[in-house]
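The structure appears right after this line, and notes come after that.
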Amino acid sequence: MDSTVALPQPQYATHEVTNQAPPLTPYDASDDPALLEGLRREGAEWAEEGIRRLGARAGSAEAQEWGELANRHEPELRTHDRYGNRVDEVDFHPSWHHLMRVAVAEGLAGAPWADGRPGAHVARTAGGLVWGHTESGHGCPTSMTYAAVPALRAQPELAKVYEPLLTSRVYEPGLRVPADKPGLLAGMGMTEKQGGSDVRTNTTAATPTAEPGVYTLRGHKWFTSAPMCDVFLVLAQAPGGLSCFLVPRVLPDGSRNAFRIQRLKDKLGNRSNASSEPEFDGTVAWLVGPEGRGVKTIIEMVNCTRLDCVMNSATLMRKTLVEAGHHVRHRSAFGARLVDQPLMRNVLADLALESEAATTLTLRLAGAADRAVRGDEQERAFRRIATAVGKYWVTKRGPAFTAEALECLGGNGYVEDSGMPRHYREAPLLSIWEGSGNVNALDVLRALAREPGAADALFGELALARGADARLDATVTGLRSELAETDQVSARRLVERMALALQASLLVRYAPAAVADAFCATRLGGDWGHAFGTLPAGTGLDAILERALPGGN
């Protein structure tokens, strides 16, 4: 028997509340055909039941509240305890720990590296695409933990100790001896004040000790996220050049390592996650990989986190599209529901094209990563260039996308209660984290020049859609000509065209005709304006929206 009781609606002396959208929750964050089709296509169909379960949990009222509370009650730095002892701890709201516990248990941290099934890395990415509907900040430590594993393997002795703990599905907060915990989280410390992305200018010094492979560090890091992680991969200048080191917060004897948090960053967004400036002074560290090969060692970590930047941008697009679609289905203006207004349908359909293209590319990149791990050299080459291309373009589209989705709610979307301002503030981070736009555009040029097979792998992928759309064929032909003439000045133009061609090729092969045709007509054919909502007359808006909006349009 249903024991719920309908509560009386509040009465106001001056007015009756009407024409307001009801709460979106509960909803299913996995209710996305592009996501589920990509999951199956990229070899992780075995994970679908779990993804659907996680999607329902992500859209629950409880999980959505966790996300809101974790951002309202931001982390707080405690440099000393009540007695004056230096502790350098960061306190989080319980909601942060709830989010982290689910993320780690669901395999969104290091678990795929311990999973022998093909598609494990795809399943993790799909999980991030749905669980990210809660909030984005806690995705930082899970992403870095995932990415630390392949870098740590450059030092097999360390990997033997730490990898089983980094791939655990147990989340246990608090600083203790790493080997005594059932699961660990990893962070990363690369950038410094004077250089930012130019890490070769780092000044943090690493001095060898009498014990082989053990050093002490002295210096200051500018951006080190999630300072309450258990271990960190850090770059420092050793006698043989810039090198990678493992820095635990707690040493094997139980004493605190020197990891003095000077302050937490006061950031535009991502405020649930603590980003810090730690100072090293006699900090004990273990060498990972050879001296002088720090960038080559840690780049394995960067390749993984760049994929997560693409994933998180695609997640924000989908989340804000769902929010916008829900609002316009329940809000009326000028005699009709907003969702039935032709111009609003144009805006939503345009956003839906962008969202599907981002999700489809994200899962293709995850599939390449999964197969590269298993020894597929062709997929390794494709992953190398396509991840940099995707990182540049998808994360660039995020801020404009979230702004347009917010505008669909009008003034309601501009207030904090709607949640949309939080998503809008989050979007620019993903273009900055792990290299801003210029860094990634130049990395594409570097891959083309230095990575054997990178260009062939990209064009091999594009060739799979040859003949399906004349606009795509013309774009690919133009790209081949541009490669011979591109320099730094035109790098962004080249990478943008690469990204659009890659997204179009995937949609032509896998998406419904209405989606693929509209994307090619606008993004490649030029039949488009300079803002979302400028799809040409005759575009199949109904078919696009029927696919994109949960519950129909």
Side-chain angles (χ1 to χ4, degrees), residues 140 143-144 147-148 150-151 186-206 217 219-227 232-238 241-245 247 265 267-270 273 275-280 288-289 292-313 384-396 398-399 426-451 454 486-492 494-496 499:
C140 179
S143 177
M144 292 188 296
M188 177 169 58
M190 295 175 63
T191 60
E192 297 182 1
K193 297 176 184 178
Q194 74 286 344
S197 295
D198 187 7
V199 295
R200 295 189 185 278
T201 66
N202 282 4
T203 62
T204 295
L217 307 185
H220 188 102
K221 290 298 177 181
W222 189 230
F223 266 98
T224 298
S225 283
F232 293 80
L233 290 182
V234 172
L235 292 179
Q237 298 286 358
L242 189 66
S243 306
C244 181
F245 296 90
V247 175
K265 297 290 192 180
K267 299 174 292 184
L268 169 67
N270 201 248
N273 175 45
S275 297
S276 67
E277 293 178 37
E279 190 167 76
F280 304 140
V288 180
R293 303 298 296 274
V295 172
K296 183 174 178 60
T297 299
I298 211 167
I299 201 66
E300 288 299 320
M301 190 174 194
V302 173
N303 284 335
C304 292
T305 49
R306 282 181 174 172
L307 170 57
D308 279 8
C309 289
V310 182
M311 174 190 76
N312 286 324
S313 287
R384 170 66 182 91
I385 190 167
T387 299
V389 168
K391 166 67 167 73
Y392 172 81
W393 182 243
V394 175
T395 62
K396 272 272 179 279
E426 191 73 30
L429 167 66
L430 300 165
S431 185
I432 296 170
W433 186 28
E434 299 302 12
S436 58
N438 284 352
V439 170
N440 278 274
L442 294 175
D443 191 45
V444 173
L445 298 189
R446 186 178 303 109
L448 291 170
R450 300 181 184 177
E451 298 285 337
T486 297
D487 56 14
Q488 277 203 28
V489 173
S490 54
R492 284 190 173 213
L494 174 69
V495 178
E496 177 179 320

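For Ser431 against Lys391, the heavy-atom pair with the smallest separation is O-NZ, 3.3 Å. Closest approach of Val444 and Ala388 over heavy atoms only: CG2-CB, 3.7 Å. Here the closest non-hydrogen pair linking Val234 and Phe280 is CG1-CE1, 3.7 Å. Of all the heavy atoms in Gly435 and Ser197, the pair that sits closest is CA-OG, 4.4 Å. Taking every heavy atom of both residues into account, Ala206 and Ala236 meet most closely at CB-CB, 4.0 Å. Closest approach of Thr201 to Gln194, counting heavy atoms only: O-NE2, 2.9 Å.
Between Cys140 atom SG and Met188 atom CE the span is 8.0 Å, to the nearest 0.5 Å. Atom OG1 of residue Thr204 and atom CD of residue Glu279 lie 9.5 Å apart, to the nearest 0.5 angstrom. Taking OG1 of Thr305 as the start and CD1 of Ile299 as the end, the distance is 8.5 Å to the nearest 0.5 Å.
Shown here are the side-chain contact (heavy atoms from CB on, under 4.5 Å) partners of Ser313, two or more places apart in sequence or in another chain: Val394, Thr395, Leu430. Under the rule for a side chain to side chain donor-acceptor pair (under 3.5 Å), the partners of Glu277 that lie at least two apart in sequence or sit in another chain are His220, Arg263, Lys265. Residues forming a side chain to side chain donor-acceptor pair (under 3.5 Å) with Ser143 (at least two apart in sequence, or on another chain): Asp308. With sequence neighbours left out, the side chain to side chain donor-acceptor pair (under 3.5 Å) criterion links Ser436 to no other residue. With sequence neighbours excluded, the residues that form a ring-ring contact (aromatic ring centres under 6.0 Å, His included) with Phe245 are Tyr215. Judged as a salt bridge (Lys or Arg N to Asp or Glu O under 4.0 Å), and not counting sequence neighbours, the contacts of Arg384 are Asp443, Glu451. With sequence neighbours excluded, no residue forms a salt bridge (Lys or Arg N to Asp or Glu O under 4.0 Å) with Lys296. In this view, Ala226 and Pro141, Met144, Cys229, Asn273 satisfy the side-chain contact (heavy atoms from CB on, under 4.5 Å) rule, not counting sequence neighbours. Residues meeting the side chain to side chain donor-acceptor pair (under 3.5 Å) test with Ser275, sequence neighbours left out: Ser225, Lys267. For Val199, the side-chain contact (heavy atoms from CB on, under 4.5 Å) partners are Met190, Asn202, Leu235, Leu242, Val295, not counting sequence neighbours. With sequence neighbours left out, Leu494 forms a side-chain contact (heavy atoms from CB on, under 4.5 Å) with Leu445, Leu448, Leu479, Glu482, Leu483, Thr486, Met498.
For Arg492, the CZ atom counts as densely surrounded, since its 6.0 Å shell holds more than 12 non-hydrogen atoms of other residues, nucleotides or ligands.
Proximity of Asn270 to Glu426: side-chain heavy atoms (C-beta onward) are separated by under 4.5 Å at one or more points. Counting heavy atoms from C-beta on, the side chains of Pro278 and Phe232 never come closer than 4.5 Å.
The backbone N or O of Gly241 lies less than 3.5 Å from a partner atom in the side chain of Ser243, making a donor-acceptor pair.
The stretch residues 187-202 participates, sequence neighbours left out, in these salt bridge (Lys or Arg N to Asp or Glu O under 4.0 Å) pairs: Glu192-Lys221.
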